Amino acid sequence: MLRRVMMAAGSAANDPNWANVVSLLNFGGPDGSTTFTDAKGKAWTASGNAKIDTSLGYSAGKFDGAGDYIYTPTHGDFSFGAGLWTAEAWVFRPSASANTDMVFGKWGTVNNSSFILHIGASSALGIVLTTSGGYQSANDVMSAAGVVPVSALTHLEWCRDASNVFRGYVDGVQVLTHTLAGGLFAGSADVTIGGNVQGAYDANAFVRASRITKGICRHPDGLTFTPPPVPFPAG
């Protein structure tokens with residue numbers, strides 16, 4: 001069963017893994033704002049028409065599938081190597097896309113790429129990984145089709161555990177696994193949300209909140225869990 005959990009701002013319990021969080025955006029702000037505040041101090045810049053939108057009754061980052069994304073410069077916090085990590089987002093898709101909707105990515109030129117965390121054209125959950133930085137050597141893994149709903153606020157999570165298993169969850173239910181030994185390529189590409197500079201992975205979606213945790217796989221066992229509240233606790 002898919003679960004929906006929402007909580008008013010300021011009422012969320014503290015995050016026991018807060019020290020390991022390297023980026024957290026709750027996309028607060030007035031309608032139309034292009035300021036994206038990261039509770040961990042990363043500086044994000046809007047590209048295209050990316051902005052804060054309040055039309056759903058809460059503030060969220062709006063990405064319209066036409067070259068909109070936000071980016072932050074490369075940083076050691078986003079070089080995961082062979083270590084544990086978790087990336088999460090609360091996402092609302094207004095319609096099914098015919099393309100790959102990138103949620104997070106560190107994907108640059110042909111030999112300067114690391115990962116793409118995405119929703120596939122068939123509403124699958126997907127992950128693209130490379131240890132060499134090259135497109136040709138990338139592992140592109142998808143869940144079954146239709147697991148990411150349309151017109152519903154949905155929690156998505158990707159993580160890597162201590163056994164080199166990459167796991168993908170939708171609303172707390174595991175939908176994909178992939179084993180890959182070795183460290184992800186570091187490189188110098190920007191980290192992006194909602195798309196990237198190539199324009200090949202532009203998301204048609206609202207991102208309500210996003211969080212990246214380094215050094216911890218929050219759900220390493222594949223068991224169903226209750227998604228965390230939104231907005232994510234900043235502390």
Side-chain angles (χ1 to χ4, degrees), residues 1-18 20-28 36 38-40 53 56-63 70 84-97 100-105 115-120 122-127 141-161 165-177 193-194 203-214 216-234:
M1 177 181 295
L2 301 183
R3 296 176 171 87
R4 313 254 177 245
V5 180
M6 295 191 69
M7 189 173 289
S11 62
N14 290 343
D15 180 3
N17 299 311
W18 177 246
N20 290 82
V21 174
V22 297
S23 176
L24 186 152
L25 296 95
N26 280 317
F27 293 94
F36 300 89
D38 191 320
K40 285 292 184 169
D53 185 277
L56 297 176
Y58 48 79
S59 61
K62 182 179 181 180
F63 307 95
I70 63 173
L84 283 62
W85 54 271
T86 306
E88 305 164 84
W90 280 94
V91 176
F92 180 98
R93 293 193 302 153
S95 61
S97 173
T100 295
D101 288 349
M102 178 188 287
V103 181
F104 293 103
F115 62 89
I116 299 172
L117 311 177
H118 67 90
I119 303 166
S122 57
S123 293
L125 192 72
I127 185 168
V141 185
M142 301 287 289
S143 74
V147 300
V148 183
V150 172
S151 298
L153 186 63
T154 305
H155 180 259
L156 307 178
E157 178 175 307
W158 300 261
C159 64
R160 182 182 192 167
D161 69 18
V165 177
F166 293 82
R167 303 179 185 274
Y169 297 87
V170 177
D171 276 337
V173 177
Q174 181 174 278
V175 297
L176 73 83
T177 63
I193 296 174
N204 178 23
F206 298 83
V207 179
R208 172 68 181 89
S210 68
R211 179 170 67 182
I212 299 177
T213 308
K214 186 176 183 180
I216 290 175
C217 177
R218 288 181 182 258
H219 299 99
D221 50 20
L223 299 178
T224 298
F225 62 89
T226 299
V230 61
F232 291 130

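Nothing fancy with the numbering, it's 1 onward along the sequence. Fair warning: this is a prediction, and the values are worked out from it, not measured in the lab.
- Side-chain contact between L84 and R160: absent, with no pair of heavy atoms (C-beta onward) separated by less than 4.5 Å.
- You'll find the side chain of P228 stays beyond 4.5 Å of the side chain of R218, heavy atoms only.
- With L117 as the partner, the side-chain contact (heavy atoms from CB on, under 4.5 Å) test is satisfied by one option alone out of I193, I127, I212: I127.
- Between S95 and V150, the shortest heavy-atom distance links the atoms CA-CG1, 3.5 Å.
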Exercise. So H118 and W158, side-chain contact (heavy atoms from CB on, under 4.5 Å) or not? Walk me through it.
Worked result: CA-CA 10 Å; H118 67 90; W158 300 261; 5.8 Å; no
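- The shortest heavy-atom contact between R211 and P233 is NH1-CD, 4.0 Å.
- Of the N and O atoms on the side chains of D38 and S23, at least one donor lies less than 3.5 Å from an acceptor on the other residue.
- Between F166 and W85, the closest side-chain pair of non-hydrogen atoms falls below 4.5 Å.
- Using cut-offs of 30° and 60° for the angle between ring planes, the H219 and F225 rings count as parallel.
- Between P231 and R208, the closest side-chain pair of non-hydrogen atoms falls below 4.5 Å.
- Residues F232 and V21 have side chains not in contact (no heavy-atom distance under 4.5 Å, counting atoms from C-beta outward).
- Minimum interatomic distance between C217 and C159 (heavy atoms only, all atoms of both residues): SG-SG, 2.9 Å.
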Exercise. Taking it one step at a time, do Y58 and W90 satisfy side-chain contact (heavy atoms from CB on, under 4.5 Å)?
Worked result: CA-CA 12 Å; Y58 48 79; W90 280 94; over 6 Å; no
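- At least one side-chain heavy atom of I119 sits under 4.5 Å from a side-chain heavy atom of L156.
- Pairing each heavy atom of L176 with each of L125, the nearest pair is CD2-O, 3.1 Å.
- Between the side chain of Y169 and the backbone N or O of T224 there is no donor-acceptor pair closer than 3.5 Å.
- The two residues D101 and A203 make their nearest non-hydrogen contact at OD1-CA, 3.6 Å.
- Of all heavy-atom pairs between F27 and I70, the closest is CE2-CD1, 4.0 Å.
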